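So the structure is just underneath, and the comments pick up after that.
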Amino acid sequence: MPGPVLNSPDSRTVQTALDVLDGHGRPNRLTRLMPFLGPAFIASVAYVDPGNFATNIQGGAQFGYLLLWVIVASNLMAMIIQTLSAKLGIATGMNLAEQCRARFPRPVVIAMWLLMEIVAMATDLAEFIGAALGFQLLMGIPLFAGALLTALATMLILGLERYGFRPLEAVISSMVGMIALCYLLETIIGKPDWGLVAYHAFVPRFAGAESVLLASGILGATVMPHAIFLHSALTQGRIVVRDKKRLQSLYRFEIADVVIAMGIASFVNAAMLIMAAATFHTTGHAALGTIEEAYRTLEPLLGSSAKWIFGLSLLLSGLSSSTVGTSAGQVIMQGFMQRHIPIWVRRLVTMAPSLVVIGAGLDPTRTLVVSQVVLSFGLPFAIVPLVMFTRRPDIMGDLANRRLTTAIAGMIAGIILALNAYLTYKTLVTG
């Protein structure tokens, strides 16, 4: 991404951050934290994308509040994974794709690059479908036309990168805030049972094999390989320091960025499930199978305002996540290949398959499910190298993982990979 321009928002942000790291200025904690907020908010969009809409709404409609604890646990795991990704960029000045290229044999690098390109395309497919559905539900625009509008909006939003990192962070963070506001309103309108919400948020329970499958789906739609690659790129050159004291201080601020951003994403995911539980499960609509059905069912149950709020949140989710997905594809291609490729080519390669698939008229919800399976295949190739690299002092220096951190990250990686493998198997075998 472009470096700071004199007197630009980027240069002011970087200078303010360096002043804070040196212990100067900014009288209170909130104002000291502000220059460091941003990267995790962009990465967190992957955790509130249209794939999350599908799994969380199905989970709430079928099992009520039962699987709320899965969302809490998934987002806690995601916080740790995204923190490691941010730390890799801060400590090394290289993103995860660049580290893989530098440290793995060439055949492995080529295989990883091809797989991650497919993952980036599958990611954009899910996001484009979500945004196109949002356009269709709110405005009656056909899916393919909605996908073209999404492509145009994505290019315009990513065009902000020419002005530095801060304008893009501001736009994406605003979208995340609006999605959160939409679901706050949905939750209030739905009038959930807060006693059951509190209980199921912390008490792990299942209700048969189908609930295990849906729990796997919720987790599979939460931790995304492209977000892991992207987050390391967002921090690698944003604020550059090399001495131990400032590095550790910068890392602590980035942890706060992750906790706040992922906390908001966790709230949105929980609110999706809570709304579905309060609205659909308790009124005998447990068999809802698609996002479109959920949208149409909201109006007779909660009124037209709830339907429009839901549609708006879906549209914002699709637009913001398609932007982030395309940006991740750009990072992956550039990081693995390390050759100068025109930026419009890098973006077009990621977006084009989505337009082709949507233009072919495939079923949107089924296509969403297939895209999540593709992402599951790619997840090990993001998480395993991340844990491998961040545990090594020769790569990370003073920010290398402690043994306990590596053990926890390894355990989380094992859980995520096992549940994703189960989800992939059940999806492919049972259809």
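Predicted model only: the values in this text are computed from it and were never measured. Residue numbers start at 1 and run along the sequence shown. The basis for the numbers below is simple: all heavy atoms, side chains too, and nothing from hydrogens, waters or symmetry mates.
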Query raised in the report: For Phe128 and Val357, what are the C-alpha separation, side-chain angles and deciding distance, and is it a side-chain contact (heavy atoms from CB on, under 4.5 Å)?
Result: CA-CA 10 Å; Phe128 270 60; Val357 170; over 6 Å; no

Query - side-chain contact (heavy atoms from CB on, under 4.5 Å) assessment of Ile395 paired with Arg103 - result: CA-CA 10 Å; Ile395 296 176; Arg103 301 184 184 279; 3.4 Å; yes

Report task. Let me see the working for Ile260 and Leu33 under side-chain contact (heavy atoms from CB on, under 4.5 Å), right down to the final yes or no. Result -> CA-CA 11 Å; Ile260 294 170; Leu33 179 60; 3.6 Å; yes

Requested in this report: Carefully, step by step, assess Phe389 and Phe104 under the rule ring pair (Phe, Tyr, Trp, His ring centres under 6.0 Å).
Outcome: CA-CA 11 Å; Phe389 295 150; Phe104 291 149; 5.5 Å; yes

Requested in this report: Kindly determine whether Thr406 and Val387 satisfy side-chain contact (heavy atoms from CB on, under 4.5 Å), including the steps that lead there.
Outcome: CA-CA 7 Å; Thr406 298; Val387 176; 4.3 Å; yes

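Between Pro353 and Leu125 there is no side-chain heavy-atom pair separated by less than 4.5 Å. Counting heavy atoms from C-beta on, the side chains of Thr187 and Pro192 come closer than 4.5 Å. Counting heavy atoms from C-beta outward, Ile57 and Leu273 have side chains that stay 4.5 Å or more apart. Residues Phe165 and Leu234 fail the side-chain proximity criterion, which asks for heavy atoms closer than 4.5 Å. Counting heavy atoms from C-beta outward, Met224 and Thr123 have side chains that stay 4.5 Å or more apart. When side chains are defined from C-beta on, Asn401 does not count as touching Met396, because their heavy atoms never get closer than 4.5 Å. Here the side chains of Glu210 and Phe63 are in contact, with some heavy-atom distance below 4.5 Å. Val176 places none of its side-chain heavy atoms less than 4.5 Å from the side chain of Ser320.
Of all heavy-atom pairs spanning Gly130 and Leu314, the tightest one is O-CG, 3.6 Å. The shortest heavy-atom contact between His281 and Gly60 is CB-O, 3.3 Å. Closest of all the heavy-atom pairs between Thr390 and Leu386 is OG1-O, 2.8 Å. Across Ser313 and Tyr183, no two heavy atoms sit closer than the pair OG-CE1, 3.4 Å. Between Phe135 and Gly146 the shortest heavy-atom distance is CD1-O, 3.6 Å. Nearest heavy-atom pair across Ala278 and Gly190 is CB-O, 3.7 Å.
With rounding to the nearest 0.5 angstrom, the OG atom of Ser327 is 5.0 Å from the CG atom of Leu230. Taken to the nearest 0.5 Å, the CD1 atom of Ile239 stands 6.5 Å off from the CG atom of Leu21. With rounding to the nearest 0.5 angstrom, the OG1 atom of Thr235 is 11.0 Å from the CD1 atom of Ile42. Expressed to the nearest 0.5 Å, how far CG of Asn52 lies from CG of Asn56 amounts to 5.5 Å. Note that CD1 of Ile157 is 5.5 Å distant from CD1 of Ile172, once rounded to the nearest 0.5 Å. Taken to the nearest 0.5 Å, the CG atom of Asp257 stands 15.5 Å off from the CZ atom of Arg252.
A donor-acceptor pair is defined here as one N or O able to donate and one able to accept, closer than 3.5 Å; no such pair exists between the side chain of Tyr295 and the backbone of Lys307. Checking side-chain atoms of Ser266 against main-chain N and O of Met262 turns up no donor-acceptor pair under 3.5 Å. Between the Lys87 side chain and the Leu399 main chain, a donor and an acceptor come within less than 3.5 Å of each other. Not one N or O on the side chain of Asp49 forms a donor-acceptor pair closer than 3.5 Å with the backbone of Ser317. Using modelled atom types, one side-chain atom of Ser44 and one backbone atom of Phe41 make a donor-acceptor pair closer than 3.5 Å. Checked by atom type and distance alone, the side chain of Ser173 never pairs as donor or acceptor with a backbone atom of Ala170 at under 3.5 Å.
With sequence neighbours left out, the salt bridge (charged side-chain N to carboxylate O under 4.0 Å, His left out) criterion links Arg166 to Glu169. In this view, Phe253 and Phe36 satisfy the ring-ring contact (aromatic ring centres under 6.0 Å, His included) rule, not counting sequence neighbours. Phe206 pairs by the ring-ring contact (aromatic ring centres under 6.0 Å, His included) definition with Trp69, not counting sequence neighbours.
With no hydrogens or angles considered, no side-chain donor-acceptor pair links Ser322 and Thr150 at under 3.5 Å. Remark: the Asp124 side chain and the Ser354 side chain contain no N/O donor-acceptor pair separated by less than 3.5 Å.
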Tell me which donor-acceptor pairs under 3.5 Å the side chains of residues 72-86 have, and how far apart each pair is, sequence neighbours excluded?
residue, atom, partner, partner atom, Å
Ser74, OG, Val70, O, 2.7
Asn75, ND2, Ile71, O, 2.9
Gln82, OE1, Tyr47, OH, 2.5
Gln82, NE2, Ala227, O, 3.4
Gln82, NE2, His231, ND1, 2.9
Thr83, OG1, Met79, O, 2.6
Ser85, OG, Ile228, O, 2.6
Ser85, OG, Ser232, N, 3.0

Donor-acceptor contacts under 3.5 Å from residues 88-96 side chains, at least two apart:
residue, atom, partner, partner atom, Å
Thr92, OG1, Leu88, O, 2.7
Thr92, OG1, Met94, N, 3.1
Thr92, OG1, Met94, O, 3.1
Thr92, OG1, Gln99, NE2, 3.2
Asn95, OD1, Ala97, N, 3.1
Asn95, OD1, Glu98, N, 2.9
Asn95, ND2, Gln236, OE1, 2.9

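Ring geometry for Tyr65 against His200 counts as parallel: the plane angle stays under 30°, on a 0 to 90° scale with 60° as the upper cut.
Counting only residues at least two apart or on different chains, no salt bridge (charged side-chain N to carboxylate O under 4.0 Å, His left out) pair has a member in residues 37-47.
Met178 CE: 12 or fewer foreign heavy atoms inside a 6.0 Å radius.
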